[in-house]
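Following: one structure in structure tokens, then a few remarks.
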Amino acid sequence: MPTATPTPVRLRRPAALSAAEVDALNERFEAAHPAEVIRWATDAFGDGLCLTTSFSDTLLVDLAVAVDPDIEVVFLDTGLHFAETLDTLRRAMVRYGLHLRVERPDGDAPDLFELGTDACCASRKVAPLDRALADKRAWLAGMRRDDHAGREYTPIVQVDRRGLVKVNPLAAWPAAEADAYAAEHDIVLNPLLGEGYESVGCWPCTERPTDGADARSGRWADSTRTECGIHL
Ligand code: SF4
């Protein structure tokens with residue numbers, strides 16, 4: 001019988017950056033190109049840094065491997081991804097030869113059909129990410145302020161609930177510049193983007209194409225849920 005209990009999270013570590021240092025970095029990077037932010041992170045944390053991606057596209061991957069071709073790229077394989085997402089991962093491997101780390105849920109992890117979305121995300125996303133970050137000092141994520149209203153104030157540099165430094169190089173990048181970079185660098189795209197899904201997650205919770213300006217409106221579309229928990 002599956003349980004809702006995810007793999008235990010280790011205790012929060014002392015933060016790698018002080019609040020004053022975080023503020024100064026955010027001021028420094030507010031108008032910086034994402035590559036400059038990534039360069040700072042790789043210099044500061046070396047192999048204590050990894051990148052997380054859900055393979056909606058390879059925008060962050062493309063920027064990061066240009067700075068550090070060996071950066072560890074973490075994919076959380078929930079067991080509930082679209083075939084298109086797994087194929088995007090495959091094409092990214094062919095294109096970039098990634099140093100890929102795949103984290104999967106425990107064998108008895110529940111899914112949303114058994115215990116609901118809270119338990120499903122906790123076991124299939126949050127706990128695997130905790131494992132992936134256990135030996136890290138910092139991580140890169142692809143959050144953008146224009147993803148949806150709840151991400152409007154996403155900082156470029158922050159300290160997460162573990163005490164790790166979380167870096168969001170794309171947070172403040174203007175959409176027009178990001179789109180121009182994506183076109184110029186011919187980044188790998190999940191084919192579902194072309195079908196109107198501007199944000200692609202697990203298939204049971206990416207219920208319909210994007211509706212209006214909120215890129216994540218198709219995710220958990222029939223509930224008040226907006227985040228899976230890995231960015232909280
Ligand atoms: S997004 Fe949905 S299917 Fe994926 S882990 Fe969360 S609840 Fe489960």
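Start at 1 and go down the list; that is how both ligands and their atoms are numbered.
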**Report entry** Per-atom contacts of ligand 1 with Leu80, taking only distances under 4.0 Å to non-hydrogen atoms
**Finding:** 3 (S)
Report task. May I ask you to identify, for Thr117, whether its side chain, its backbone, both or neither come under 4.0 Å of ligand 1 on a heavy-atom basis? Result -> both
Query raised in the report: Could Lys125 and Asp77 be called an ion pair, given the rule that one side-chain N must be under 4.0 Å from one carboxylate O?
Result: no
Report task. Verify the distance test for Cys202 against atom 4 (Fe) of ligand 1: any N/O/S atom under 2.8 Å, yes or no. Result -> yes
Only distances under 3.5 Å count here; give the side-chain donor-acceptor pairs of residues 66-74 to other protein atoms, sequence neighbours excluded, each with its distance to 0.1 Å.
unit_1 : atom_1 : unit_2 : atom_2 : d
Asp68  : OD1    : Asp70  : N      : 2.9

Query - ligand 1 atoms in contact with Cys205 (distance to a heavy atom under 4.0 Å) - result: 1 (S), 2 (Fe), 3 (S), 7 (S)
Query raised in the report: What orientation do Trp139 and His231 show, parallel under 30°, tilted 30 to 60°, or perpendicular over 60°?
Result: parallel
**Report entry** Pairs where residues 167-179 contributes a residue and the test side-chain hydrogen bond (donor to acceptor under 3.5 Å, both in side chains) is met, not counting sequence neighbours
**Finding:** Gln158-Asn168, Trp173-Glu177
